[in-house]
Amino acid sequence: MSDDRVSQREKVKEGRTISDTLQATLSGLVVDHIDGLDHNLTSLVEAVKDSKYDDGELKFQVSAVGSHIEASFRSLAQEITAAVQNTNEEAHDDFTKQVEQLKRNNGDLSLAITRFNEMTKENSERILKNLAEQVPQPIPQPAPDTAKAVAVAEAELKAKNEKIEKLQAALAIMESQSSSGDAEYWKKCAQDFEESLSLQNDICKQQEVVLAKNENDIQVFAARYRKMVEELAAAKGNIRIICRIKPEDVAEDEMIKFTNTDGEHPFLPWSNLRATYLNESNRVENRDFDFQRVFGIGEDNEAIFSEVKDFARSAALGNACTIMAYGATGTGKSHTFLSEDGLVNSSIGLLFDLADEESDHYEYKFYLSITEIYLNKVFDLLQPSIGGRKVEVKLGGESNMKLGSRAETIEFIKRAVDSREAASTRQNNTSSRSHFIISVRVERKSITDTSETPTTGIMALLDLSGSESIGRNLSSANPTIEEALIYQQGRDINAGLLDLGKSIRSVATGGKFFPGHNLTRYLRSSLTQASRLLVVATVSPLLTNRASTMGTLRWCQDAVGRPATNAASRGASPRRGVSSSRNAHPVRNPVSSGTPRTPGRDTNNA
Ligand SMILES: Nc1ncnc2c1ncn2[C@@H]1O[C@H](COP(=O)(O)OP(=O)(O)OP(=O)(O)O)[C@@H](O)[C@H]1O
C-alpha cells in the first residue's frame, strides 16, 4: 500500500475518531446549552409573572430574549452541521473555537437575563413608587351618618320646641284660669284636704288616748280578773271537796244506789249525795254526804277540770293550791289525774297557756318536783333510779327541775309515773298504797311594772292511796311476809291519812297541823289557812266495795268537818231481786251505765 494511501487511511481513521469525539462533545454541548436556555427561559417567565411592567414593554423584552435564543439555536445548529461535515483537524479546531464561542454566548445570555431580571425589578419598584407618588391624598369626607344624625337632632329639636310651645300654651291657659273660678275651686280642694288631714290627725290623737286608756283598762281588768278569781275561790271556799263516782256496768242490785239527798234522780249538776245500800246484815242503809259537786256517768275529765281550773289560775297568781285524789284501788284516781285529758295535763297546760297569754306583761318560771311517799319514806322520782331502786331523799331534798315547755313537763311526769308502776309490780301492787305527788312551783314577775311584787305559787297534785282495813289484811297470827308487808302498809297509810284528815280539818278552822307523817310534813307549807285545797273523792258504786267506798266518803267529809249523816233509819231489807210494794219512787241508779231495770227491782229506800 502506498504512503499516500496509508496516510489517507490514517486520516480517515483519525477523521472517524474526531467525528466520534466531536459528536459526543456536541451532544453534551447541546444538552448543556438547552438546559441553560431552558433555565433562563423559566427565570424569564417567572420574572415576567411578578413584574408590574407595562404590557407593551414586557412583550418587547420577552420577544428580544426569544429572538436571541432562537438565533443562538440557529447558529448552534449550523455549527454542528459544519462540525459534523468537517472531519479534518482544522475543522475540529475551528469547531472547538465555535463551541467555545457558543459557551461564551450562552454565558452572555445568562448575564443578560440576570441583568434583565434586575432591571425589571428596579423598573417595577420605580413604577410603583411613581404610581404611589401620583396617587392623590384622600380628601376628608363627612361621616356617612352625620347627615342623618343632624336630621334626627333637628327633628328632636323641633319636637321639643313644639312641646315647649304646648306647655307654654297650657301655662297660659292655667294662668288665665287662675284668675277665674277654677282657681277658687282648686284652692278650696287644697283647704278641704288640709282640713281632713288635720281632722284625721285629731282622730289619731284621740285614738292614741283611747288606746292608752284601753291598755290601762286591760291592766285594770286583769287586776279585777285576778281579784274575781280570788273571790270565786273564796266563795267556793278554800277547802273544797268533790266526788266522782266510777261508772260500772253491773246489775243495779249489785250496786250502791247514789241519788241526791231527796232520794230523787239527780239532775246535773248535783252536790248532795245519798248512798243507799244493803249492809252486811242485808239491811238497807242510807248515808248522806255534802259535797261541792258530785260527778256521775256522762261526766268526763273535762267536766272535772272545769271545777279545778280556778285552782291552777290561783297558783299562777301566787297562791298555794293542792288538789288531791283520794279513793280505793281501781276507783279512777289515775284515770282522773293522769289520763291524757286528766287534771295533771290540763292544769299544766293551763299554766303554760297563761304564761303565753301574759307574755307581754309577765315573765313566768315553772319548777317541777315529783315525789312518792311510801312507808313514810320520801323518794325523788325525777332522779333516775340507782340499781333499780328509786332515790330516797330527805323531806325538802327533792329535785326542783326548771321547766321549758308543756311537752317536756308532760314527758317528765310520764317517766315518773312509769317508774312508780315498775316499783308497784315488784312490790306486789303497792301503787295505790303509795302517795304520788306532782308539785309545780310558779314564779311570776311583771316585766312592764317594776313596782309590782313578784309572786310564787305552788300547784301540788296528789294521788293519795286509799285507806284499807288493817284487820282484814292480817288474817292470821302467823302472817306471811307479804301479809305482814300489806299490814305494815295499811298501818302506814292509815296513819298518814289520819294525820292528813285531822290536819286539814284543824287548819281550816285556824288550828294546828299534825306533822307526824311525812305526807303531812310534806304538805305543811302548802296547806295553810290561806291556801286552797281540793279533794277529789273517787268511789266505786259496786256493792262489794261498799266498805272502802263509805270509808272514802267518810274520810273526805270528816276532813272538811262535815261528817256524814245517817239520813234515814235502817229499814227492813228487801230480798234481792224482789220488788217491794213500798217502793214509792222507783229510780234508776244515776251511776249505772247498764240497762234501766224494772221499777220493782230498785232498792227500797225505807
Ligand atoms: N270515770 C271513769 N270512766 C271510765 N273509766 C274509768 C273511770 N274511772 C276509772 N276508770 C277505769 O277503771 C280502771 C281503774 O282506774 P284507775 O287505774 O284510774 O284507778 P286507780 O284508783 O288509779 O287505781 P290504783 O290506785 O290501783 O292505781 C281503769 O281502766 C280506768 O280506765
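Whatever order the structure lists them in is the order used to number ligands and atoms, beginning at 1.
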Peer 1: Here's one to test your reading of the geometry: is the NZ or CZ of Arg532 within 45 degrees of the ring axis of Phe311 and under 6.0 Å from its centre?
Peer 2: no

Peer 1: Give yes or no for whether the N/O distance cutoff of 3.5 Å, strictly under, is met between Ile245 and ligand 1.
Peer 2: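 Such a contact does not occur with ligand 1.
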
Peer 1: Within a distance under 4.0 Å of any heavy atom of Arg244, pick out the atoms of ligand 1 and give their elements.
Peer 2: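 So the atoms of ligand 1 that pass are 1 (N).
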
Peer 1: Hey, is ligand 1 close enough to Thr538 that some N/O pair sits below 3.5 Å?
Peer 2: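 Not met; the criterion fails.
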
Peer 1: Do Asn301 and Asp341 have side-chain N/O donor and acceptor atoms under 3.5 Å apart?
Peer 2: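 Checked: Asn301/Asp341 side chains pair up, N/O donor to acceptor below 3.5 Å.
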
Peer 1: Only heavy atoms of Pro247, strictly under 4.0 Å: list the atoms of ligand 1 that pass.
Peer 2: 1 (N), 2 (C), 3 (N)

Peer 1: Below 30° counts as parallel, above 60° as perpendicular, anything between as tilted: where do the rings of Phe366 and Phe352 land?
Peer 2: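 Tilted: the ring planes of Phe366 and Phe352 meet at 30° to 60°.
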
Peer 1: Can you confirm whether the side chains of Asp492 and His517 place a donor and an acceptor under 3.5 Å from each other?
Peer 2: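 Checked: Asp492/His517 side chains pair up, N/O donor to acceptor below 3.5 Å.
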
Peer 1: Of Val294, Val539, Leu553, which is the lone residue that meets side-chain contact (heavy atoms from CB on, under 4.5 Å) with Phe289?
Peer 2: Leu553

Peer 1: Return yes when atom NZ of Lys445 has more than 12 non-hydrogen atoms of other residues, nucleotides or ligands closer than 6.0 Å, and no otherwise.
Peer 2: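 Check fails, neighbour count at 12 or below.
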
Peer 1: Is there at least one pair of N or O atoms, one from Thr331 and one from ligand 1, spaced under 3.5 Å apart?
Peer 2: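 N/O-N/O distance below 3.5 Å exists for this pair.
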
Peer 1: May I ask you to check whether His335 has an N/O atom sitting below 3.5 Å from an N/O atom of ligand 1?
Peer 2: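 Such a contact does occur with ligand 1.
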
Peer 1: Report the member of Ser334, Gly296, Gly327 with the shortest heavy-atom distance to atom 22 (O) of ligand 1.
Peer 2: Ser334

Peer 1: Just heavy atoms, cut-off under 4.0 Å: does Ala328 contact ligand 1 by side chain, backbone, both, or neither?
Peer 2: backbone

Peer 1: Taking only heavy atoms of Thr329 into account, list the atoms of ligand 1 that are under 4.0 Å away from them.
Peer 2: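 This gives 23 (O), 24 (P), 25 (O), 26 (O) as the contact atoms.
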
Peer 1: Are a donor atom and an acceptor atom from the side chains of Thr276 and Asn286 found within less than 3.5 Å of each other?
Peer 2: yes

